[in-house]
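Here the structure is laid out as structure tokens; the discussion comes afterwards.
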Protein chains: 2
Amino acid sequence: MDRQRTDKNEETAAQGRPTLKTLAFMTGLGVTTVSRALKDAPEIGAETRRRVQLVAKQIGYRPNRAGVRLRTGRTNVISLVLNTDREIMSFVSDIIYGVSEVLAETPYHLIVTPYSRSQDPMEPIRYLVETGSADGVIISRTQPNDPRARYMLEHGMPFATHGRTDMGLVHPYHDFDNHVFAMEAVRRLASMGRRKLALLSPPPGLTYYGHTLNGFADALSEVGASEIPFNAVSIDHSIEQIRSRTAQVMRRENRPDGFVSSAAAATLAIVAGIEDAGLKLGRDVDVVSKQSSDLLHLFRRELLVVNENFRLAGSDLARSVLGWIGGAAPGSLQRLVAASDVQAFSQPVLV
Amino acid sequence: MDRQRTDKNEETAAQGRPTLKTLAFMTGLGVTTVSRALKDAPEIGAETRRRVQLVAKQIGYRPNRAGVRLRTGRTNVISLVLNTDREIMSFVSDIIYGVSEVLAETPYHLIVTPYSRSQDPMEPIRYLVETGSADGVIISRTQPNDPRARYMLEHGMPFATHGRTDMGLVHPYHDFDNHVFAMEAVRRLASMGRRKLALLSPPPGLTYYGHTLNGFADALSEVGASEIPFNAVSIDHSIEQIRSRTAQVMRRENRPDGFVSSAAAATLAIVAGIEDAGLKLGRDVDVVSKQSSDLLHLFRRELLVVNENFRLAGSDLARSVLGWIGGAAPGSLQRLVAASDVQAFSQPVLV
DNA sequence: TTGGCAATCTGTAACGTTTCAGTGTATTGA
DNA sequence: TCAATACACTGAAACGTTACAGATTGCCAA
């Protein structure tokens, strides 16, 4: 009996990666005690606890994720659900960086769960919930009535949304105040004497489409400017579509003298369209655009910009999900980021 | 005995997610048989196999990842290792999309493993290998003598690199032919009468830095043009640094009349610098740039571009790692993508 | 008839972890 | 002195899967 036990432990100790059994053998304790000692359980003697933790650190013990997951059901995984064709480029990497930054200090891994044109957006969510592949989920392209959020709430899956919902259900979110953005943009254009404004909106259906539209409309009436309809396209459309539609609109009699654009890439297309029509940015028309990296001023110095920080969004979303998992009230994990002021180009300090 | 068994199975069947035990109970077979039947093992009767697979599909059975992982050591995970501050923006999302696209059709999940300024690039690699957190790894920012590749090769971890190494070791890679890119760029500039060329290179240290430099030099001597040194900056530098360095160089007596740029964002800075110096793109100087999305022509129509497809890189890298895991020879999983021709702006068809 | 063999199927153990239900020993209160 | 109790620790079982080593059956050759 004693011999067999010794054999078994030596066998274990000889293996590559240390496990609880290895630690138990080295400390002369039972596996249970070691497990408890590592998580600071109260019924373990202070000295034993220290000893175990010391040995664990020395030999570089790391709990086996599969073992923990099988036993507890906890995956230590946060899933970021992404639309792989619609999402605007640099946006995604920033969010991923932000999320990673937060998860790096935790035992959590980030898994990217994609879905594409053909698929129901619910599919990856159902997969995650049904298979229990993650402890928490981050979604974007949030809708006012978002079936994904409702589903996860019903199934007890912690999540955070990039953008708000409007279903009377409470859950963590991170959102940029697009209402204020649109208002400030309009006010700025108005202050420059622009009176006929067009909006290149977010994709209809998403929550911030409404916020943007309302802000735009509110400010229009505030400053007494009027809207030139431009709603056949949104920032989800292709560069070429936006460009040609802009050119079309700019060739009309009653053309806009100001644009508000919800995305930087789309702004490039708007400007191209303006110039296709033979008009000049800054003289015939001004454009206020959101951007997530500071590049638009290089493009045309006449552009007016408002910065939206997606890296911040990512880290915020990650913290929110972790908070919910950790037992915080979902209602306390909501954040609406104020839109910064509209910025014009200022000559950089040359070295 | 019989009663106990029945109880146990009924208990199981009542649970949320179906397991092999559930299937065993429903089919009246043993757990082992069910497991074998699902993976088309030869010693299972044809009818039994069909029956088990039918029931499994009906009740939506999905193998528990933790169970499989614990038992077999296989994680069904591919890890994409990313530098979270240096990587150029849109580049990353494209790669992720490409990888996802391939993994979506497999049982593999994609986990993003970040590392940042402060860290040793080896750290995430060691973590992955030591903890066995992934079955395969994708790395970028590859160096001629890359310790990460060597380490993974030594430890039997399948991987693929974005960019080649030059250590005499064979492993899968995906690379864009930057030698040809640089040559074609120089040739194009030469054909336009440009004779004094500057190169905004990739970061020194990375393998494709050398490829680019060599291609640039080779073509210079071929066409009899000369180089204006511009090697105090690389595409890893900040937009502002590149911009001011460019302006500096352009104000010199012996200024370049042509640029070759290895990245689109950097090209924006180069053009800004050129204009800061009071010169005009297309008249005083021409610029050939790589780009990964078709936006540079919107920026300045005089720009000449070569497209590099990072989404393709991603899917290629994913396929390579899977191939290696699946037993293919690593030497057969290498791909060098030819650089496409230099493209000038052509008026788009307006709708 | 019998031994052998192929064709199917099955129970048990193990992967590493945590939880449950203890076990043994010293300390306390009366 | 004895029971009660706090303290420190422990083995066994379970999570879901696969591999190993059988078990049962029918069939065929000798």
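Below, chains carry the letters A, B, ... as their sequence lines are ordered, and counting in each starts from 1.
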Quick one: [X] [atom1] to [N] [atom2], roughly how many Å, whole number?
X: B/Leu20; N: D/dA19; atom1: CG; atom2: C1'; value: 14 Å
X: A/Arg17; N: C/dA14; atom1: CZ; atom2: P; value: 20 Å
X: A/Leu38; N: C/dT19; atom1: CG; atom2: P; value: 13 Å
X: B/Leu70; N: D/dC15; atom1: CG; atom2: C1'; value: 9 Å
X: B/Arg74; N: D/dA19; atom1: CZ; atom2: C1'; value: 13 Å
X: B/Arg69; N: C/dA14; atom1: CZ; atom2: C1'; value: 18 Å
X: B/Arg71; N: D/dT18; atom1: CZ; atom2: C1'; value: 4 Å
X: B/Asn76; N: D/dG16; atom1: CG; atom2: C1'; value: 14 Å

Need one value for B/Thr72: base, sugar-phosphate or nothing, where a base atom within 4.0 Å counts as base even if backbone is also close, heavy atoms only.
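Sugar-phosphate, backbone atoms only, no base.
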
For the pair A/Arg74 and A/Asp135, find out whether any cationic side-chain nitrogen is under 4.0 Å from an anionic carboxylate oxygen.
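The answer is no: the pair does not qualify as a salt bridge.
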
Under 4.0 Å between a Lys/Arg side-chain N and an Asp/Glu carboxylate O for A/Arg62 and B/Glu130?
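Here A/Arg62 does not pair with B/Glu130 in a salt bridge, since their nearest N and O are not under 4.0 Å apart.
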
Residues two or more places apart in sequence or in another chain: which of them pass side-chain contact (heavy atoms from CB on, under 4.5 Å) with [X]?
X: B/Leu70; result: A/Asn64, A/Ala66, A/Leu70
X: A/Thr161; result: A/Ile139, A/Thr142, A/Phe159, A/His171, A/Tyr173
X: A/Ser116; result: A/Thr84, A/Asp85, A/Ser118, A/Gln119

When you get a sec, tell me which of [options] is the closest nucleotide to the side chain of [X]?
X: B/Arg36; options: D/dA19, D/dT17, C/dC20; value: D/dA19
X: A/Tyr61; options: D/dC9, C/dT19, C/dT17; value: C/dT17
X: B/Asn64; options: D/dC9, D/dC20, D/dT17; value: D/dT17

Not counting sequence neighbours, list each pair that qualifies as a ring-ring contact (aromatic ring centres under 6.0 Å, His included) and has a residue in residues 119-140 of chain A.
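Those involving residues 119-140 of chain A are A/Tyr127-B/His109.
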
ring-ring contact (aromatic ring centres under 6.0 Å, His included) partners of residues 51-72 of chain A, not counting sequence neighbours, each pair once:
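The answer is none; no pair qualifies.
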
When only distance counts, do a donor and an acceptor, one from the side chain of A/Thr32 and one from the base of C/dT19, lie under 3.5 Å apart?
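Such a pair exists between side chain and base.
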
N/O (side chain, [X]) to phosphate O (OP1/OP2, [N]) under 4.0 Å:
X: A/Thr33; N: D/dT10; value: yes
X: B/Ser35; N: D/dT18; value: yes
X: A/Lys21; N: C/dT17; value: no

Under a 4.0 Å heavy-atom cut-off, which of residues 41-60 of chain A touch DNA chain D?
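The answer is A/Glu43, A/Ile44, A/Gly45, A/Thr48.
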
